[in-house]
Amino acid sequence: MMYSSSRVLAASAISVSSSNAEKDTKDLEASLNHLLHLHNHNSLSPRHRAEKAKNDAIMKAERVSELLVESVNGEVQDSFINQERIEYEIRTLASTITNFMKQTDQWFASTHALNTAVKIFI
């Protein structure tokens, strides 16, 4: 009977050890799942930060571009207004010069006629 009781003891030890092995396997699997979850979470965090930083950089670059365009456009608009004023002044001066040329021609014709008349009387 010794042989059969040791066999029962061995069978119960195997069943206890297999129960422990299953428990250890489940604990190991749970630990691995937990580690995998932590790894995924930790690897997503830098991605999210990088994506947010990228989006912020894009928004700031767009704003800088808008400000530069506004600044340049303001200066271009001022230059355009100054150019229009200068062109207006040129047209006004050209008109004034034309009037002076007409007056000069009239004065020249009048003085020439007077000079001719004086020569006839002398």
**Report entry** Evaluation steps, side-chain contact (heavy atoms from CB on, under 4.5 Å), between E51 and H48
**Finding:** CA-CA 5 Å; E51 188 68 28; H48 289 304; 5.6 Å; no

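- To the nearest 0.5 Å, atom CE of residue M101 and atom OG1 of residue T104 are 8.0 Å apart.
- For E84, there are no side-chain hydrogen bond (donor to acceptor under 3.5 Å, both in side chains) partners, not counting sequence neighbours.
- For the pair H112 and T116, the minimum side-chain heavy-atom distance is below 4.5 Å.
- Between I81 and R85, the closest side-chain pair of non-hydrogen atoms falls below 4.5 Å.
- A donor-acceptor distance shorter than 3.5 angstrom exists from the side chain of S65 to the backbone of A61, with no hydrogens or angles considered.
- Here the CZ-CG distance, from R49 to D56, works out to 13.5 Å after rounding to the nearest 0.5 Å.
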Query - Residues K26, E29; criterion salt bridge (charged side-chain N to carboxylate O under 4.0 Å, His left out); working and verdict - result: CA-CA 5 Å; K26 288 182 181 179; E29 186 177 341; over 6 Å; no

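- Rounded to the nearest 0.5 angstrom, L35 CG and N42 CG are separated by 10.5 Å.
- Q77 CD to N82 CG: the interatomic distance, rounded to the nearest 0.5 Å, is 11.0 Å.
- Looking at heavy atoms from C-beta onward, L68 lies in side-chain contact with V64 at the 4.5 angstrom threshold.
- Summarising the geometry, atom OG belonging to S110 is positioned 10.5 Å from atom CG belonging to D105; distances are rounded to the nearest 0.5 Å.
- Once rounded to the nearest 0.5 Å, the distance linking CD of E75 with OG of S79 reads 7.5 Å.
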